[in-house]
Amino acid sequence: MRAALTSAYKDSLNDTNLLDADYIYSSFERPRNPEFGDLATPLFPYVKVLKKAPDKIFGEVSEALEIPKELGEASFAGGYINWKLNLGDFSKALLDECLSSEKQFGSSQAGAGKRILVEYSSPNIAKPFGIGHLRSTIIGASLKRVFEFLGHETVGINYLGDWGTQFGKMIVAYRTWDGEKAISEDPVRGAYNLYVRFHEEEDSNPSLSDQARKEFKKLEDGNPESVKLWEKFKDVSHREFQRVYDILGVEFDLVTSESFLNDKMESIIGRLTKANLTETSRGALIVNLEEYNLPPALLRKQDGATLYATRDIAGLVYRWNKYNFYESLYIVGSAQADHFKQAFKVIDLLESAENLSDKERMTERVKHIPFGWVKFEDKALSTRRGHLIMLEDVLKKAIYLAKEKIAEKNPDLAKSDNVAEQIGVGAIIYTQLSVRRLKDVNFTWAAALNFEGETGPYLQYTHARLCSLIRKYGKPVPGVERLDSELCEKMFSDQISRSLITTLARFPEELAHVARDYEPSHLCSYLTDLATLFNKFYQRKNSHGKLVRIIDEDENLTAVRMILVECLRRTIERGLNLLGLKAPQEM
RNA sequence: GCCCCCGUAGCUCAGUUGGAUAGAGCAGCAGUUUCCUAAACUGCGGGUCGCAGGUUCAAUUCCUGCCGGGGGUACCA
């Protein structure tokens, strides 16, 4: 819409010498109240320059402008020029693009040739998949889809935590408390109980920690018995994770793990040492980062074993060499912000020390995308202490509730089990995505299982309603040849309709914001706005309080409305899919 | 101590890379269905945008300090 207005006014504005067209173009904003107009230009910056009051400036501008009537009109209020476009041409062009264009509405090629790696989910082996892992999984999967839609090549990476001292702990626990029995009875919960018990007893029995460290060292040295146990833990976890990903509809291009990097750490440690960046401190091999106000990056512990940071640094180098990415994103909780700062700084120092060219450097391309905690009923979730909610339980409960709701609202629905799953899962996903990344979210059953108001099911319901209209119409949705400017102008003359079409037009812009901020919540807000406007449109009444139907006797107008319905349906479906929700046709 | 994040209506949150009278949902109350799906829509009530300064024509938005909550701070990940 900005582009439409700009191209229309650009030439005439250049002649006025009052406002330069570039300013107009860059300062368009949405009026707070849509009744003011479709776009607004604040005049305040000119008050000082021109030493004139805003209304005087507007007077001169409007005289100089000669606004063609068929374009629309400009009015002045509160220091702004409010532009009210004639939406005939605009809406016709928009609906035409949305309905017939070869590329999907909202998609773009802006990201062509820019490969983006997205690491998300990344659960730890030998721990159950809790509600806390959900956020990384959902945010990452959604960002990946959005980038792809914007033309990027993406590589979704699941980096499993399958290495580290925790496995020493697991092995000790397994041997001490008859792990074989526990795991054969219930693989997931059995392993989990061992883990929790270890941490409980560790407090009163510090020798357990020493044992665990020794066991991990044995594992790292390749002790066959240790490796065998470790593989058992991995196997159990893999199966559980896959079940959850199937329910969530989440996929990865690459499933890798910390242990994969085991043989890739020596070379990076060698490079760092050669670059004179390492030192020995308190028996450990470190990169000192004091100068950058960061704790040292530990590469090797006293006993020679490697750490998380060592593997992440090795992973950075490995991925850079293999993928030569435009960007590499790590969707990991904000608690690990310092860890990533350290790892990235080490890379930065190494690249500087080795005098790499800008093209060879990845420093500017690697980003930690942090997110806040998931708390449960106001308590932090801690796997170690057993405060954990199994994601599968949550999903099952949501699906069950959706099933009940369908039985109440639409008992004859075909494939209702399938739809119930889509709705239940959709509700849970939406609760995680609708809040800005960095905020903590407090998981409450009441909010997660609510299907009314600003929720996933609300969007799905709106989609189903749109589908229902198309079914009721009984004919194929009319083609673009049924669109003409005059009809469209009539169609979008009232305020709700205007807001609806101008909001629909914003879809590409909103996706760009999601990508810019790495923030799927923008898309949630946008889709909720769009759905709300449609629901108002759907239920608007004339001055006699009578419902204005979408399908009525006026065939031509109905044709345009049905095109709008189909465009809205596609956009909401597309938006839902980008978020990771299904868009059922009936519910 | 130092560093990072958060602080908007009773609750949960939006707030367009500074802009007009700060908006939704939930909860509460009152309505709307001769049914294009009421999982919706309409109306009502509800706010010192944590506090204090600063920058600016303009600050919920940027800067500084403080308060409150959370997190991190070398051999866990």
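None of these values were measured; they are calculated from a predicted model. Letters A, B, ... mirror the listed sequences (proteins, then strands); counts begin at 1.
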d(CD1, A/I572; C1', B/U37) in whole Å:
15 Å
So, using side chain to side chain donor-acceptor pair (under 3.5 Å) as the criterion, who are the partners of A/T558 when residues are at least two apart?
A/D552
Which ranges of RNA chain B pair up as stems, where a stem means three or more consecutive Watson-Crick or G-U pairs with both distances under 3.5 Å?
B:1-7 with B:67-73, B:10-13 with B:23-26, B:28-32 with B:40-44, B:50-54 with B:62-66
Can you name the residues that form a salt bridge (charged side-chain N to carboxylate O under 4.0 Å, His left out) with A/E258, not counting sequence neighbours?
A/R311
At under 4.0 Å between heavy atoms, what does A/E519 touch on the DNA or RNA strands: base, sugar-phosphate, or nothing?
nothing
Considering only nitrogen or oxygen atoms on both sides, find all protein atoms under 3.5 Å from nucleotides 60-65 of chain B and state each distance.
none

All salt bridge (charged side-chain N to carboxylate O under 4.0 Å, His left out) counterparts of A/R300, not counting sequence neighbours
A/E266
With A/E35 via side chain to side chain donor-acceptor pair (under 3.5 Å) - residues at least two apart:
none
Report all side-chain donor-acceptor pairs from residues 331-339 of chain A shorter than 3.5 Å, counting only partners two or more places apart or in another chain.
from   : atom 1 : to     : atom 2 : distance (Å)
A/S334 : OG     : A/F371 : O      : 3.3
A/Q336 : OE1    : A/Y308 : OH     : 2.4
A/H339 : NE2    : A/D312 : OD2    : 2.7

If you measure from the Lys or Arg side-chain nitrogens to the Asp or Glu carboxylate oxygens, is any gap between A/R197 and A/E200 under 4.0 Å?
no
Who passes side chain to side chain donor-acceptor pair (under 3.5 Å) against A/K405, sequence neighbours left out?
A/E452
For RNA chain B, which residues in residues 285-294 of chain A have a heavy atom at a distance below 4.0 Å?
A/I286, A/N293
Quick test: give all pairs of protein nitrogen or oxygen and nucleotides 27-32 of chain B nitrogen or oxygen below 3.5 Å, distance rounded to 0.1 Å.
from  : atom 1 : to     : atom 2 : distance (Å)
B/U32 : O2'    : A/K541 : NZ     : 2.9

Picking from B/A74, B/G70, B/A20, the nucleotide nearest the side-chain atoms of A/A40 would be B/A20
Name all residues meeting the salt bridge (charged side-chain N to carboxylate O under 4.0 Å, His left out) criterion together with A/D210; count only those two or more places apart in sequence or in a different chain, and write none if there are none.
A/R213
Ring pair (Phe, Tyr, Trp, His ring centres under 6.0 Å) partners of A/F340, counting only residues at least two apart:
A/Y330, A/F344, A/H368
